[in-house]
Amino acid sequence: MTDHRNSIDPAKLDRLAEVAVKVGLGLRPGQDLLLTAPAIALPLVRRIAVHAYKAGAGLVTPILSDEEMTLARYRHGHDSSFDRAAGWLYEGMAKAFSENTARLAIVGDNPMLLSGEDPSKVARASKANSMAYQPALEKIVNFDTNWNIIAYPSPSWAKQVFPNDPEDVAVGKLADAIFAASRVDREDAMGNWASHNAVLRERTNWLNGQRFRALQYSGPGTDLTIGLADGHEWEGGASLSKNGISCNANIPTEEVFTTPHCRRVYGHVVSSKPLSYQGTLIDNIAVRFEDGKIVDAKASRGAEVLNKVLDTDEGARRLGEVALVPHSSPISQSGLLFYNTLFDENAASHIALGQCYSKCFVNGAQLTPQQIAAQGGNQSLIHIDWMIGSAETDIDGILPDGSKVPVFRKGEWAK
């Protein structure tokens, strides 16, 4: 077996670990860190532990997963076990987050790992997991603590992105793509992130100054009006979590995003890139909204999975996020489909089905779930992003008086 680690630049891997700790998390002295990762990502996990302890971390606790063990469950696990999840583990995580533990997730599993497994088992396990994870997830989406997601180029993922290359070459190519997208491919990664965050902050300030009532999208197969939640606030780049720490939750990130009004979305839209969801590629998604709800959904591939997702709960057919990303973003320009939302969502403007971010409201930290719902925020067990932007997309902001302001033209910022 090839040692894939030889294909990964150790200096850039170390830089990614440092950026994750200092920019991604903004880890504070004395703060504990809970870290989840695929076992294959141990080289990165170890570098993160070094940088976390150097930054004054209290305890670094890693929880590792493994693709072979996941497959063993699907192939040999008792049928009734697919309706269960390790609730005790997620309760412990929720307790840790409520006690100011920082959260870091390293992604890198084969996105098509479960493509050959029984789809009903996959759906059942996913639902059980979503329900059990809810107490911990709420603390993350509401930014109770500082959190961050980064990626590691595992061989199984690399072979999905570069199927025609030998494994070591594919790993090297995916590593380079991750480092470039994560802005650690050059010496001054920290300075690079500071200037990138400043650009995103400028965008959010402009959007927040406009106070748009809605966004209107037009492009091939798309005529969509997305109402924005009452008292919505745009976010992008670094965010202040409730514990007072500024963090970059996603590395990479190219988006500015806010909360749509879940009852004020009208029209139709098609996806501009495939959505990789739990081992299924869902392609050419086409949906129609009435009063905020998807009333008609089709896909040329993966339609059955898409419709299962939409039936998860009442909020699964409504939007929880709207995000703007220029077509010229580095991830878009790479021309790669990563099969991973952390990257693919940063290639194009997108929308997310399901749970909204309470942070994307003026004084969101003070609002109750009931107030958020009254202002148009959506509630759901899911939060699934899919891409709707392209070089053909025009977006107009609609002001309270009905007049329009150009926001995007041909997939780029209009100003």
Side-chain angles (χ1 to χ4, degrees), residues 138 140-144 197 200-217 224-242 246-247 249-250 253-267 269 289 291-294 315-326 345-346 349-380 382-386 388-389 393 395-408 413-415:
E138 272 176 11
I140 293 168
V141 297
N142 293 331
F143 280 86
D144 284 25
N197 275 331
L200 293 173
R201 175 64 51 227
E202 222 173 274
R203 297 286 182 208
T204 58
N205 287 344
W206 180 77
L207 287 160
N208 285 328
Q210 295 293 320
R211 306 301 330 146
F212 291 131
R213 179 167 53 84
L215 295 177
Q216 191 170 36
Y217 292 70
L224 181 71
T225 301
I226 299 179
L228 300 179
D230 301 333
H232 69 274
E233 188 158 69
W234 289 88
E235 291 277 344
S239 286
L240 195 65
S241 47
K242 288 181 190 172
S246 180
C247 64
N250 289 354
T253 185
E254 303 290 334
E255 63 175 347
V256 294
F257 59 97
T258 195
T259 297
H261 196 299
C262 70
R263 295 179 291 283
R264 295 184 195 150
V265 184
Y266 304 91
V269 64
F289 288 89
D291 299 322
K293 188 176 184 180
I294 292 176
R317 289 177 177 270
R318 298 179 186 273
L319 296 185
E321 180 193 345
V322 56
L324 303 177
V325 179
E345 72 169 10
N346 286 297
S349 290
H350 54 274
I351 49 180
L353 303 171
Q355 180 65 36
C356 77
Y357 292 120
S358 63
K359 182 163 182 48
C360 292
F361 286 91
V362 177
N363 298 324
Q366 276 73 55
L367 298 178
T368 65
Q370 292 75 17
Q371 287 171 313
I372 285 168
Q375 289 179 215
N378 193 33
Q379 279 185 306
S380 175
I382 66 164
H383 180 96
I384 300 170
D385 301 86
W386 50 285
I388 62 171
T393 307
I395 305 172
D396 288 300
I398 301 174
L399 292 165
D401 66 2
S403 61
K404 293 181 181 179
V405 176
V407 178
F408 266 52
W413 287 98
K415 70 172 285 294

Enter the distance from [X]:[atom1] to [Y]:[atom2] here, rounded to the nearest 0.5 Å.
{"X": "Ile294", "Y": "Leu319", "atom1": "CD1", "atom2": "CG", "value": "6.5 Å"}
{"X": "Ser358", "Y": "Glu138", "atom1": "OG", "atom2": "CD", "value": "9.0 Å"}
{"X": "Asn205", "Y": "Leu200", "atom1": "CG", "atom2": "CG", "value": "11.0 Å"}
{"X": "Phe289", "Y": "Thr225", "atom1": "CZ", "atom2": "OG1", "value": "11.5 Å"}
{"X": "Ile372", "Y": "Cys262", "atom1": "CD1", "atom2": "SG", "value": "11.5 Å"}
{"X": "Ile398", "Y": "Gln210", "atom1": "CD1", "atom2": "CD", "value": "13.0 Å"}

Would you say [X]'s side chain and [Y]'s backbone share a donor-acceptor pair under 3.5 angstrom?
{"X": "His261", "Y": "Gly227", "result": "no"}
{"X": "Arg318", "Y": "Asn378", "result": "no"}
{"X": "Asp385", "Y": "Ala352", "result": "no"}
{"X": "Asn346", "Y": "Glu254", "result": "yes"}
{"X": "Glu255", "Y": "Leu324", "result": "no"}
{"X": "Thr258", "Y": "Glu233", "result": "yes"}
{"X": "Gln375", "Y": "Asp230", "result": "yes"}

What's the shortest heavy-atom distance between [X] and [Y], and which atoms?
{"X": "Ala316", "Y": "Leu353", "result": "O-CB, 3.7 Å"}
{"X": "Ser380", "Y": "Gly354", "result": "CB-CA, 3.6 Å"}
{"X": "Lys415", "Y": "Arg203", "result": "O-NH1, 3.1 Å"}
{"X": "Asn250", "Y": "Thr253", "result": "O-CB, 3.4 Å"}
{"X": "Phe212", "Y": "Leu215", "result": "CD1-CD2, 4.2 Å"}
{"X": "Gln371", "Y": "Leu367", "result": "OE1-CA, 3.3 Å"}

What residues form a side-chain contact (heavy atoms from CB on, under 4.5 Å) with [X], not counting sequence neighbours?
{"X": "Asp401", "answer": "Leu399, Ser403"}
{"X": "Ala238", "answer": "Asn197, Ser246, Asn248"}
{"X": "Ala414", "answer": "Pro406, Arg409"}
{"X": "Thr204", "answer": "Arg201, Asn208, Trp234, Val256"}

Are the side chains of [X] and [Y] in touch, meaning some heavy atoms are under 4.5 Å apart?
{"X": "Tyr217", "Y": "Val269", "result": "no"}
{"X": "Val325", "Y": "Glu345", "result": "no"}
{"X": "Ile351", "Y": "Val265", "result": "no"}

Exercise for review: Would you list the pairs meeting ring pair (Phe, Tyr, Trp, His ring centres under 6.0 Å) in which at least one residue belongs to residues 353-373, sequence neighbours left out?
Suggested key: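 For residues 353-373: Phe257-Tyr357, Tyr357-His383.
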Return each pair, listed once, that meets salt bridge (charged side-chain N to carboxylate O under 4.0 Å, His left out) where at least one residue sits in residues 349-369; pairs must be two or more places apart or across chains.
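Listed once each, the pairs are Glu235-Lys359.
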- Query: Salt-bridged, Arg263 to Asp291, with N to O below 4.0 Å?
  - Reply: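 No, no charged N to carboxylate O under 4.0 Å.
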